[in-house]
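The chains referred to below are lettered A, B, ... by the order of the sequence lines, with proteins before strands, and numbering in each begins at 1. Keep in mind that this is a model prediction, so the values were computed, not measured.
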Number of protein chains: 2
Amino acid sequence: MPASPSLSPSSAAPSTPGPVAATPAGLEPVQAEFIALFVAAAEVFGVPRSLGEIYGVIYASPRPLSFQDIVDRLAISKGSVSQGLRMLKSLGAIRTAYVPGDRRDHFEPETELRTLVGGLLRDRVNPHLEQGRHRLERVGAEIVAGKGLSKTEAAVLRARVQKLENWRRKGATLLPILTRVLS
Amino acid sequence: MPASPSLSPSSAAPSTPGPVAATPAGLEPVQAEFIALFVAAAEVFGVPRSLGEIYGVIYASPRPLSFQDIVDRLAISKGSVSQGLRMLKSLGAIRTAYVPGDRRDHFEPETELRTLVGGLLRDRVNPHLEQGRHRLERVGAEIVAGKGLSKTEAAVLRARVQKLENWRRKGATLLPILTRVLS
DNA sequence: CCTCTTGTTCATTTTTTTTTGAACAACTTA
DNA sequence: TAAGTTGTTCAAAAAAAAATGAACAAGAGG
């Protein structure tokens, strides 16, 4: 193993005062606080808690962390770290950094909000927007007065389909703008 | 427990000349398509599937639906419908409509996108933004060169806290604008 | 007071998601 | 080739979230 982490592993505090729950092995309070922040964010965005932890510990480190560093500082399994890192990479939330004298990959945070939000939107929202367009067309075509629907009822439903189409269009034009504003 | 849910056709209701047959699904294809749309949306926003179903069936109906109507058309329990309706009301996604000659509540969809998105943001994002501000202040104060942190390392971390603060501020100013743009 | 309808509550059950960890693959070095 | 690292995979376990349904409340009518 190369140089030891710059933040000392240290002491298991019996009980942690303050708002952050018990700090896992080898975690400074500052780091724990950072991590808590990203765990909360992970919850908001509906991604697994471990993603927040991993991104948090990377974000909280002034230098790139190796796989093993992350496993050591968070009390989670190698498997979770491996999968978490993969997801974070695919989201564009972290990137690998070269560290001289160490053949292992090291990770540092992507700090551009645009990149992060963009990655999430790309993965979660965009596919549905496209599929939604098709479904809306189909629904619009299927609404016909007749079998159980009076003429006015059909009109109400068609108006609602129109409303959905407006939503979809607005969303589709707003998302790119949003990610641009988050420069 | 394979208790077969009795498909009780609501023939007693005088104001309900329901065209919906007692098919296993109990749904017209058009309605099913609408519902699929909102189920997908529910997934995107990270709310329970049943919320999407319930909102969907209400949205797909040209006239307000009673509690019982919803239970009949979707194959989900009374309990789920009750809780789902409560959440939808608190999100501002549906409202109750008066139907003459029927003392039961009836529900119709709120079709303003602003209201829907606003409700979600209010419930999911806002609380965290506020709490995040406090945590950021605390983290900033805790970063001091010394115990394991060199001066430059502390500077890197302080810069990252600053970045987070920028994110937070941007988010806080953007959200209200966003909901306003979604008129 | 009794009964019927309408809907809510909440302890359980079911389903889905997330995490774990041991086996294993890919490399490096000797 | 052997032996040591480093990280990945994936079946199974654990945890979390959601749905169920029986008991119960609240009100209407009788």
Side-chain angles (χ1 to χ4, degrees), chain A residues 1-2 21 24-25 39-40 42-55 57-58 64-72 74-90 94 96-99 101-107 123-124, chain B residues 1-16 35 38-39 42-55 57-58 64-91 94 96-99 101-107 123-124:
Chain A
M1 203 194 281
V39 165
E43 194 175 307
V44 170
F45 287 109
V47 301
R49 166 192 194 82
S50 64
L51 276 203
E53 294 186 280
I54 295 169
Y55 185 74
V57 83
I58 292 173
L65 293 184
S66 73
F67 185 97
Q68 194 55 49
D69 288 337
I70 297 167
V71 171
D72 289 344
L74 305 172
I76 65 185
S77 69
K78 279 203 304 173
S80 284
V81 172
S82 180
Q83 293 177 176
L85 285 174
R86 177 146 46 96
M87 279 195 252
L88 287 172
K89 282 180 233 166
S90 91
I94 59 176
T96 62
Y98 171 65
V99 170
D102 195 332
R103 69 185 174 84
R104 300 172 304 177
D105 270 354
H106 286 68
F107 306 96
D123 280 20
R124 299 177 70 84
Chain B
M1 231 181 253
S4 55
S6 49
L7 299 176
S8 43
S10 57
S11 52
S15 64
T16 307
I35 291 170
F38 287 104
V39 165
E43 194 176 306
V44 170
F45 287 110
V47 300
R49 167 191 195 84
S50 63
L51 277 203
E53 295 186 282
I54 296 170
Y55 185 74
V57 82
I58 292 173
L65 294 184
S66 73
F67 184 98
Q68 194 57 49
D69 289 336
I70 297 168
V71 172
D72 290 345
R73 295 178 191 203
L74 305 172
I76 65 185
S77 69
K78 279 203 305 171
S80 285
V81 171
S82 179
Q83 294 178 175
L85 285 174
R86 176 146 47 97
M87 279 194 252
L88 287 172
K89 282 180 231 166
S90 91
L91 280 175
I94 59 175
T96 60
Y98 172 66
V99 170
D102 195 332
R103 70 185 174 85
R104 299 172 303 175
D105 270 353
H106 285 68
F107 306 96
D123 280 20
R124 298 176 71 83

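A search for side chain to side chain contact (heavy atoms under 4.5 Å, CB included) contacts involving B/Ser77 returns B/Ser80, not counting sequence neighbours. With sequence neighbours left out, the side chain to side chain contact (heavy atoms under 4.5 Å, CB included) criterion links B/Thr96 to B/Asp105, B/Phe107.
B/Phe67 has its CZ atom 13 Å from the P atom of D/dG21, to the nearest Å. Residue A/Glu43 contributes atom CD, which lies 15 Å from atom C1' of D/dA15 at whole-angstrom precision. The distance from atom CD1 of B/Ile70 to atom C1' of C/dG7 is 12 Å, rounded to the nearest whole Å. Nucleotide D/dG29 holds its P atom 12 Å from the CG atom of B/Asp102, rounded to whole Å. Atom pair A/Arg103:CZ and C/dT29:P shows a separation of 7 Å (rounding to whole Å applied). Atom pair A/Leu65:CG and D/dT6:P shows a separation of 15 Å (rounding to whole Å applied). The nearest whole Å value for the distance from the CE atom in B/Met87 to the C1' atom in C/dT8 is 14 Å. Distance A/Leu88 CG to D/dT8 P: 12 Å, rounded to the nearest Å.
Going from atom CG of A/Asp72 over to atom CZ of A/Phe67 covers 10.0 Å, rounded to the nearest 0.5 Å. A distance of 7.0 Å separates CD1 of B/Ile94 from CD1 of B/Ile70, quoted to the nearest 0.5 Å.
Nucleic acid contact class of B/Arg86 (heavy atoms, under 4.0 Å, all strands): sugar-phosphate only.
Of the possible donor and acceptor atoms, one in the side chain of B/Ser90 sits under 3.5 Å from a partner among the backbone N and O of B/Met87.
Residues A/Ile54 and A/Ile76 form a side-chain contact, since some pair of their non-hydrogen atoms from C-beta on lies under 4.5 Å apart.
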Checklist entry - How does protein reach along nucleotides 15-20 of chain C, written 5' to 3' as B (base within reach of a heavy atom under 4.0 Å), S (only sugar-phosphate), or - (no contact)? => result ---SBB

